[in-house]
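Inspection log for the structure reproduced underneath, given as C-alpha coordinates.
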Amino acid sequence: MDIDDKPFDEYIFVEKDQDRCIQLKLLKRNNKNIQIENEDANNFLQNLQKDWRRCRGVLFLDPFATEVEWATIEKIASYKALDTWILFPTSAIARMLPREREPDSISPKWVNRLNRIYGDESWRGLYSIDPQLSLFGGEQQQRQEGINGLISIYKNKLAQLFDDRFLNRSRTLKNSNNSALFEFLFCVGNPNGIGPAKRIAEYILKDL
Ligand SMILES: C[S@@+](CC[C@H](N)C(=O)[O-])C[C@H]1O[C@@H](n2cnc3c(N)ncnc32)[C@H](O)[C@@H]1O
(Lines give C-alpha, C1' and ligand atoms only; values in the text may rest on other atoms or scores of the structure.)
Protein backbone atom coordinates (compact mmCIF):
# COMPACT_ATOMS: atom_id res chain seq x y z
CA MET A 1 0.00 0.00 0.00
CA ASP A 2 2.97 2.30 0.49
CA ILE A 3 4.07 2.00 -3.11
CA ASP A 4 3.15 5.24 -4.87
CA ASP A 5 5.04 4.57 -8.05
CA LYS A 6 2.57 2.52 -10.12
CA PRO A 7 0.24 1.66 -7.23
CA PHE A 8 -2.66 -0.77 -7.50
CA ASP A 9 -5.99 0.81 -8.45
CA GLU A 10 -7.71 -0.76 -5.48
CA TYR A 11 -6.96 -2.87 -2.41
CA ILE A 12 -9.50 -5.30 -1.00
CA PHE A 13 -9.10 -6.90 2.44
CA VAL A 14 -11.51 -9.71 3.27
CA GLU A 15 -11.78 -10.55 6.95
CA LYS A 16 -14.47 -12.59 8.70
CA ASP A 17 -13.86 -11.23 12.17
CA GLN A 18 -15.66 -7.97 12.89
CA ASP A 19 -13.14 -6.60 15.41
CA ARG A 20 -10.27 -7.25 13.04
CA CYS A 21 -12.17 -5.39 10.31
CA ILE A 22 -12.29 -2.38 12.61
CA GLN A 23 -8.51 -2.66 13.01
CA LEU A 24 -8.08 -2.95 9.26
CA LYS A 25 -10.08 0.22 8.73
CA LEU A 26 -7.35 2.07 10.64
CA LEU A 27 -5.01 1.19 7.75
CA LYS A 28 -6.72 3.69 5.50
CA ARG A 29 -4.25 5.75 3.49
CA ASN A 30 -4.92 9.02 1.70
CA ASN A 31 -5.66 8.74 -1.98
CA LYS A 32 -5.81 4.94 -1.82
CA ASN A 33 -8.92 3.08 -2.79
CA ILE A 34 -9.18 0.58 0.07
CA GLN A 35 -12.16 -1.68 0.59
CA ILE A 36 -12.62 -3.71 3.78
CA GLU A 37 -15.06 -6.60 3.44
CA ASN A 38 -16.36 -8.22 6.61
CA GLU A 39 -17.16 -11.56 4.99
CA ASP A 40 -16.11 -15.16 4.59
CA ALA A 41 -13.27 -15.02 2.05
CA ASN A 42 -14.40 -18.23 0.31
CA ASN A 43 -17.79 -16.73 -0.22
CA PHE A 44 -16.36 -13.41 -1.36
CA LEU A 45 -13.92 -14.92 -3.87
CA GLN A 46 -16.39 -17.43 -5.26
CA ASN A 47 -18.85 -14.64 -6.02
CA LEU A 48 -16.40 -11.97 -7.15
CA GLN A 49 -17.86 -10.18 -10.18
CA LYS A 50 -15.35 -8.24 -12.27
CA ASP A 51 -14.73 -7.72 -15.93
CA TRP A 52 -11.94 -10.28 -15.98
CA ARG A 53 -10.92 -9.34 -19.54
CA ARG A 54 -9.75 -5.95 -18.25
CA CYS A 55 -9.00 -6.61 -14.62
CA ARG A 56 -5.72 -7.95 -13.18
CA GLY A 57 -4.75 -8.45 -9.59
CA VAL A 58 -2.58 -10.11 -6.98
CA LEU A 59 -4.31 -12.28 -4.41
CA PHE A 60 -2.79 -13.41 -1.14
CA LEU A 61 -4.62 -16.17 0.74
CA ASP A 62 -3.34 -15.95 4.30
CA PRO A 63 -5.41 -18.33 6.46
CA PHE A 64 -4.83 -19.27 10.08
CA ALA A 65 -5.20 -22.91 9.13
CA THR A 66 -7.57 -24.89 6.94
CA GLU A 67 -10.05 -22.20 5.89
CA VAL A 68 -9.32 -22.08 2.13
CA GLU A 69 -11.69 -24.34 0.20
CA TRP A 70 -10.77 -26.10 -3.03
CA ALA A 71 -13.96 -24.67 -4.60
CA THR A 72 -12.44 -21.22 -4.05
CA ILE A 73 -9.18 -22.23 -5.76
CA GLU A 74 -11.17 -23.57 -8.72
CA LYS A 75 -13.04 -20.31 -9.04
CA ILE A 76 -9.82 -18.28 -8.87
CA ALA A 77 -8.30 -20.46 -11.62
CA SER A 78 -11.35 -19.80 -13.81
CA TYR A 79 -10.96 -15.98 -13.54
CA LYS A 80 -7.54 -16.19 -15.27
CA ALA A 81 -6.70 -12.75 -13.88
CA LEU A 82 -5.39 -13.10 -10.34
CA ASP A 83 -1.75 -13.95 -9.61
CA THR A 84 -2.33 -15.98 -6.47
CA TRP A 85 -0.19 -16.73 -3.44
CA ILE A 86 -1.50 -19.54 -1.25
CA LEU A 87 -0.33 -20.49 2.22
CA PHE A 88 -1.11 -24.19 2.38
CA PRO A 89 -1.52 -25.20 6.05
CA THR A 90 0.86 -28.18 6.23
CA SER A 91 1.03 -28.55 10.00
CA ALA A 92 -2.73 -28.16 10.58
CA ILE A 93 -3.39 -30.86 7.98
CA ALA A 94 -0.69 -33.17 9.36
CA ARG A 95 -2.39 -32.93 12.77
CA MET A 96 -5.66 -34.09 11.19
CA LEU A 97 -3.91 -37.07 9.60
CA PRO A 98 -2.18 -39.06 12.36
CA ARG A 99 0.47 -41.56 11.38
CA GLU A 100 -1.49 -44.66 12.34
CA ARG A 101 -5.19 -45.12 11.90
CA GLU A 102 -7.74 -47.85 11.79
CA PRO A 103 -9.43 -47.65 8.39
CA ASP A 104 -12.21 -45.06 8.33
CA SER A 105 -11.60 -43.93 11.86
CA ILE A 106 -10.86 -40.29 11.03
CA SER A 107 -13.74 -38.28 12.45
CA PRO A 108 -16.46 -37.28 9.97
CA LYS A 109 -15.80 -33.62 10.85
CA TRP A 110 -12.16 -33.93 9.81
CA VAL A 111 -13.02 -35.96 6.71
CA ASN A 112 -15.36 -33.16 5.73
CA ARG A 113 -12.71 -30.51 6.38
CA LEU A 114 -10.05 -32.42 4.41
CA ASN A 115 -12.46 -32.90 1.52
CA ARG A 116 -13.19 -29.18 1.49
CA ILE A 117 -9.47 -28.32 1.34
CA TYR A 118 -8.46 -30.95 -1.23
CA GLY A 119 -11.76 -30.87 -3.12
CA ASP A 120 -12.02 -34.66 -2.98
CA GLU A 121 -10.73 -37.70 -1.09
CA SER A 122 -7.30 -37.67 -2.74
CA TRP A 123 -5.67 -37.20 0.72
CA ARG A 124 -6.66 -40.84 1.48
CA GLY A 125 -3.87 -41.85 -0.92
CA LEU A 126 -1.44 -41.01 1.89
CA TYR A 127 -2.51 -44.11 3.79
CA SER A 128 -1.52 -47.63 2.93
CA ILE A 129 -1.97 -50.90 4.77
CA ASP A 130 1.01 -51.59 6.98
CA PRO A 131 2.31 -54.96 5.59
CA GLN A 132 3.72 -56.01 8.96
CA LEU A 133 0.47 -55.39 10.80
CA SER A 134 -1.63 -57.02 8.11
CA LEU A 135 0.59 -60.15 8.46
CA PHE A 136 -0.77 -60.50 11.98
CA GLY A 137 -4.36 -60.03 10.91
CA GLY A 138 -4.58 -56.32 11.66
CA GLU A 139 -5.69 -53.93 8.96
CA GLN A 140 -4.13 -50.87 10.45
CA GLN A 141 -3.22 -48.22 7.91
CA GLN A 142 -0.14 -46.13 8.07
CA ARG A 143 0.34 -42.65 6.71
CA GLN A 144 3.43 -41.84 4.66
CA GLU A 145 6.14 -40.41 6.78
CA GLY A 146 6.77 -36.66 6.70
CA ILE A 147 4.82 -33.88 5.11
CA ASN A 148 5.97 -34.25 1.52
CA GLY A 149 3.06 -36.50 0.54
CA LEU A 150 0.32 -34.24 1.74
CA ILE A 151 1.91 -31.25 -0.01
CA SER A 152 2.55 -33.08 -3.26
CA ILE A 153 -1.06 -34.28 -3.51
CA TYR A 154 -2.17 -30.64 -3.26
CA LYS A 155 0.52 -29.48 -5.69
CA ASN A 156 -0.50 -32.14 -8.23
CA LYS A 157 -4.08 -30.92 -8.01
CA LEU A 158 -2.95 -27.31 -8.56
CA ALA A 159 -0.83 -28.41 -11.52
CA GLN A 160 -3.85 -30.15 -13.07
CA LEU A 161 -6.09 -27.14 -12.52
CA PHE A 162 -3.71 -24.33 -13.50
CA ASP A 163 -1.58 -26.32 -15.95
CA ASP A 164 1.40 -24.15 -16.99
CA ARG A 165 0.17 -21.38 -14.73
CA PHE A 166 1.23 -23.33 -11.63
CA LEU A 167 4.73 -22.71 -10.33
CA ASN A 168 6.10 -26.01 -9.10
CA ARG A 169 8.76 -24.37 -6.98
CA SER A 170 7.47 -23.47 -3.51
CA ARG A 171 8.81 -22.51 -0.12
CA THR A 172 8.33 -24.25 3.23
CA LEU A 173 7.71 -21.79 6.05
CA LYS A 174 8.88 -23.18 9.39
CA ASN A 175 8.55 -22.32 13.06
CA SER A 176 11.48 -21.76 15.45
CA ASN A 177 11.71 -25.56 16.03
CA ASN A 178 12.27 -26.07 12.32
CA SER A 179 8.89 -27.75 11.84
CA ALA A 180 6.95 -26.97 8.69
CA LEU A 181 3.96 -24.69 9.25
CA PHE A 182 2.87 -23.65 5.77
CA GLU A 183 3.86 -24.25 2.16
CA PHE A 184 3.98 -21.02 0.17
CA LEU A 185 2.63 -21.66 -3.32
CA PHE A 186 2.10 -19.54 -6.41
CA CYS A 187 -0.25 -19.70 -9.41
CA VAL A 188 -0.31 -17.28 -12.35
CA GLY A 189 -3.52 -15.48 -13.31
CA ASN A 190 -3.43 -14.61 -16.98
CA PRO A 191 -1.95 -17.27 -19.33
CA ASN A 192 -0.33 -14.48 -21.40
CA GLY A 193 1.74 -13.44 -18.40
CA ILE A 194 3.14 -16.81 -17.36
CA GLY A 195 6.82 -15.96 -18.06
CA PRO A 196 7.12 -12.65 -16.18
CA ALA A 197 4.78 -13.69 -13.36
CA LYS A 198 6.78 -16.87 -12.65
CA ARG A 199 10.07 -14.96 -12.79
CA ILE A 200 8.78 -12.44 -10.23
CA ALA A 201 7.40 -15.21 -8.00
CA GLU A 202 10.67 -17.18 -8.11
CA TYR A 203 12.58 -14.04 -7.19
CA ILE A 204 10.27 -13.48 -4.20
CA LEU A 205 10.47 -17.13 -3.08
CA LYS A 206 14.26 -17.10 -3.28
CA ASP A 207 14.46 -14.09 -1.02
CA LEU A 208 12.12 -15.29 1.76
C1 LIG B 1 -3.09 -15.38 9.47
S2 LIG B 1 -4.31 -14.22 9.80
C3 LIG B 1 -4.08 -12.99 8.55
C4 LIG B 1 -3.11 -12.00 8.93
C5 LIG B 1 -2.93 -10.85 7.97
N6 LIG B 1 -2.84 -11.27 6.58
C7 LIG B 1 -1.71 -10.08 8.36
O8 LIG B 1 -0.71 -10.14 7.67
O9 LIG B 1 -1.75 -9.45 9.41
C10 LIG B 1 -5.76 -15.04 9.27
C11 LIG B 1 -6.98 -14.14 9.32
O12 LIG B 1 -8.04 -14.78 8.60
C13 LIG B 1 -9.26 -14.51 9.25
N14 LIG B 1 -10.18 -15.55 8.77
C15 LIG B 1 -10.29 -16.83 9.20
N16 LIG B 1 -11.20 -17.49 8.46
C17 LIG B 1 -11.65 -16.61 7.53
C18 LIG B 1 -12.59 -16.70 6.47
N19 LIG B 1 -13.21 -17.85 6.20
N20 LIG B 1 -12.82 -15.61 5.73
C21 LIG B 1 -12.17 -14.43 5.98
N22 LIG B 1 -11.27 -14.29 6.98
C23 LIG B 1 -11.02 -15.36 7.74
C24 LIG B 1 -8.93 -14.56 10.73
O25 LIG B 1 -9.86 -13.83 11.48
C26 LIG B 1 -7.53 -13.91 10.73
O27 LIG B 1 -7.60 -12.52 10.95
Side-chain angles (χ1 to χ4, degrees), residues 1-4 7-29 32-50 55-79 81-97 107-120 123 147 150-151 154-155 157-158 161 167 170-187 189 197 200-201 203-208:
M1 286 205 304
D2 290 332
I3 294 171
D4 289 319
F8 287 93
D9 296 324
E10 61 177 334
Y11 300 81
I12 308 174
F13 292 86
V14 188
E15 169 59 61
K16 201 160 91 170
D17 182 278
Q18 206 172 5
D19 292 339
R20 294 204 168 112
C21 277
I22 293 168
Q23 293 293 312
L24 279 171
K25 282 186 182 147
L26 301 174
L27 284 175
K28 290 238 177 236
R29 302 279 205 287
K32 292 272 158 88
N33 178 4
I34 302 171
Q35 212 179 308
I36 313 285
E37 297 288 342
N38 186 192
E39 207 191 321
D40 177 279
N42 289 296
N43 212 24
F44 180 86
L45 287 164
Q46 287 179 33
N47 295 296
L48 193 52
Q49 306 277 343
K50 296 267 182 198
C55 214
R56 297 284 177 273
V58 176
L59 171 66
F60 175 34
L61 294 168
D62 184 14
F64 268 144
T66 56
E67 291 90 358
V68 179
E69 296 170 8
W70 184 254
T72 302
I73 303 291
E74 284 181 323
K75 212 58 204 241
I76 293 164
S78 76
Y79 297 151
L82 299 175
D83 289 336
T84 300
W85 290 97
I86 306 168
L87 276 175
F88 177 72
T90 316
S91 75
I93 293 178
R95 278 199 301 277
M96 292 158 80
L97 295 170
S107 83
K109 191 175 145 205
W110 283 5
V111 167
N112 197 20
R113 180 91 58 91
L114 288 160
N115 289 347
R116 282 222 316 266
I117 299 164
Y118 281 94
D120 54 27
W123 53 271
I147 48 148
L150 56 98
I151 296 171
Y154 197 74
K155 278 181 142 185
K157 292 198 53 124
L158 286 174
L161 183 61
L167 180 67
S170 60
R171 189 72 185 240
T172 306
L173 306 184
K174 298 178 175 175
N175 65 13
S176 52
N177 294 328
N178 212 29
S179 305
L181 288 179
F182 288 95
E183 193 71 13
F184 202 29
L185 303 160
F186 180 76
C187 304
I200 293 169
Y203 180 80
I204 292 170
L205 286 172
K206 211 167 49 187
D207 246 26
L208 278 179

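As the structure lists them, so they are numbered: ligands from 1, and atoms in each ligand from 1. Note that these values count all heavy atoms, side chains included, but never hydrogens, waters or copies made by symmetry. Just so we're clear, the structure is a prediction, and the values are computed from it rather than from any experiment.
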Which heavy atom of the protein is the closest neighbour of atom 20 (N) of ligand 1, given with residue, atom name and distance?
A41 N, 2.8 Å
If you measure from atom 10 (C) of ligand 1 to every heavy atom of D40, D62, N42, D19, which option wins on shortest distance?
D62
Are any of the side-chain nitrogens in K32 or D2 under 4.0 Å away from the carboxylate oxygens of its partner?
no
Taking the minimum heavy-atom distance to atom 24 (C) of ligand 1, which of K16, E15, E67 ranks first?
E15
Enumerated ligand 1 atoms positioned under 4.0 Å from heavy atoms of F64
1 (C), 2 (S), 10 (C), 24 (C), 26 (C)
Per-atom filter on ligand 1: closer than 4.0 angstrom to a heavy atom of E39 are 20 (N), 21 (C)
Could you label the plane-to-plane angle of the F184 and W85 rings as parallel, tilted or perpendicular, counting under 30° as parallel and over 60° as perpendicular?
parallel
Just so I know, are the side chains of Y118 and L150 near enough to count as touching, which here means a heavy-atom distance under 4.5 Å?
yes
Has Y203 got more than 12 heavy atoms of other residues, nucleotides or ligands less than 6.0 Å from its OH?
no
Minimum side-chain heavy-atom gap L161-W70 below 4.5 Å:
yes
